[in-house]
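Here the structure is laid out as structure tokens; the discussion comes afterwards.
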Amino acid sequence: MQDWPGLIEAYRTWLPVSDSTPVVTLREGATPLIPVPSIAERIGKGVKVYVKYDGLNPTGSFKDRGMTMAISKAKEAGCEAVICASTGNTSAAAAAYARRAGMRAFVLIPDGYVAQGKLAQALVYGAEVLAIRGNFDRALDIVREVSDQYPVTLVNSVNPYRLQGQKTAAFELIDALGDAPDWLCIPMGNAGNITAYWMGFQEYHQAGRSRTLPRMMGFQASGSAPLVNETTVTDPETIATAIRIGNPVNREKAIAARAASNGAFLDVTDAEIIQAYKLLGGEEGVFCEPASAASVAGLLKRKDEVPAGATVVCVLTGNGLKDPDCAINNNDAAFHTDLNPDLGTVAKVMGF
Ligand code: AN7
């Protein structure tokens, strides 16, 4: 098997890079597309369901796809520091790639609302972490102002190179399936990823790499659903802290993707998210973070509308290890503690 060079080299002709762009890569991309038969069975009708497990990227989320591009272009421009606001995954990816490129990384996070694994990553990757008493939307307002006034490059998804990198996930799907799926189910926070996927699907389609285009099905948590409810949420709340975002910056682009693809947006409750999260872990052996499980929760909620024989891909945006608290508090496992250390006790607990 050939060594995977990372997504910039793999898809170079589709990306705004030149020979003089210094490629900053951790060999991101080429993530597995995994069939999930227990989900497909719940839908029936001969439907095929896959998950695109982007939690297997180097920092454990799809953000690496955008960050390899954003940081490579920032380095090409001679930039020495980057900044982002983040619910966690962007900060981990920004820190890893920026430090690899020899830049300073400043990350603003909502104090107390970033999952442990993500915070651990930002610290280990050497970011300068600023936790604010405010939510993600406030943090984003601040970093936009900072990058306007000081010599620091913004690497949130308002940076167009982020979406360029992220569109390669759509290329990988078509390369693997031989055509676009019928439905693409995806969680939405700032709605950068749904925008990027749609860009990728369109570009491959126009180049004759796929016959069809998917319906873009975007899902939000009920307590944080500004796109579904066509509003701004001032106090977003959800167990899926990654998508605890009340004022998505890519709102217009996501709405355009929905319209052009005959897609739909829907919200899913925290209970529905956790149900899908447990199903993926407990029946499929696929551990994702709660925000990612929103894609599967949404598919199951809309299962009556899935056409017979359709191919559906749910995007699992982040790794389950990112949020160990959620995992420990939300499982149906048999966890026997405080046992006497002897054969009799163990055998008895095992039911022998
Ligand atoms: C696991 O890290 O916004 O709709 O600051 O971490 O493109 O925003 C994370 C978003 C879905 C939503 N799944 O993607 C951040 C951040 C996971 C995420 C989303 C995020 P967008």
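Given the structure is predicted, the values throughout are model-derived calculations rather than measurements. Whatever order the structure lists them in is the order used to number ligands and atoms, beginning at 1. These numbers come from the heavy atoms of this one structure, side chains and all, not from hydrogens, waters or symmetry mates.
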Mark the output for [X] as yes if a heavy-atom distance to ligand 1 is under 4.0 Å, and as no if none is.
X	answer
I186	no
G88	yes
S157	no
K63	yes

Does [X] reach ligand 1 with a nitrogen or oxygen that is under 3.5 Å from one of the ligand's nitrogen or oxygen atoms?
X	result
S91	no
G189	yes
K118	no
A191	yes
N190	yes

Side chain, backbone, both or neither: which part of I245 has a heavy atom under 4.0 Å from ligand 1?
side chain

Exactly one of K301, K303, R302 clears side-chain hydrogen bond (donor to acceptor under 3.5 Å, both in side chains) with E305, and that residue is R302

In a check of side-chain hydrogen bond (donor to acceptor under 3.5 Å, both in side chains) between R65 and each of E172, E28, Q166, Q164, which one passes?
E172

I'd like to check which ligand 1 atoms, numbered from 1 as shown, lie under 4.0 Å from a non-hydrogen atom of [X].
X	answer
S86	2 (O), 5 (O), 15 (C)
G192	4 (O), 7 (O), 21 (P)
I243	11 (C), 12 (C), 19 (C)
E289	1 (C)
M188	4 (O)

Would you call [X] and [Y] a salt bridge, using N to O less than 4.0 angstrom?
X	Y	value
D111	R133	no
R209	D179	no
K278	D332	yes
E203	K167	yes
R42	E283	yes
D141	R138	yes

[atom]: the protein heavy-atom neighbour that sits closest, reported with distance to 0.1 Å:
atom	result
atom 5 (O) of ligand 1	T87 N, 2.8 Å
atom 20 (C) of ligand 1	F62 CE2, 3.8 Å
atom 7 (O) of ligand 1	N193 N, 2.8 Å
atom 6 (O) of ligand 1	N89 ND2, 2.7 Å
atom 18 (C) of ligand 1	A242 CB, 3.6 Å

Closest approach of S91 to A122 (non-hydrogen atoms, all atoms of both residues):
OG-CB, 4.2 Å

Heavy-atom nearest option to atom 17 (C) of ligand 1, drawn from T90, D54, T195, T317
T317

Give the table of side-chain donor-acceptor pairs shorter than 3.5 Å for residues 287-297, with sequence neighbours excluded, one pair per line with atom names and distance.
from: E289; atom 1: OE1; to: K118; atom 2: NZ; distance (Å): 2.7
from: E289; atom 1: OE2; to: N89; atom 2: ND2; distance (Å): 2.8
from: S292; atom 1: OG; to: T317; atom 2: N; distance (Å): 3.1
from: S292; atom 1: OG; to: T317; atom 2: OG1; distance (Å): 2.7
from: S292; atom 1: OG; to: G318; atom 2: N; distance (Å): 2.8
from: S292; atom 1: OG; to: G318; atom 2: O; distance (Å): 3.4
from: S295; atom 1: OG; to: S292; atom 2: O; distance (Å): 2.8
from: S295; atom 1: OG; to: V315; atom 2: O; distance (Å): 3.2

Any chain of hydrophobic side-chain contacts (each under 4.5 Å) joining I142 to Y113?
no

If hydrophobic clusters are built by linking Ile, Leu, Val, Met, Phe, Trp and Tyr wherever their side-chain heavy atoms come under 4.5 Å apart, do I255 and V228 end up in the same one?
yes

Under 30°, 30 to 60°, or over 60°: which ring-plane class applies to Y11 and W4, parallel, tilted or perpendicular?
perpendicular

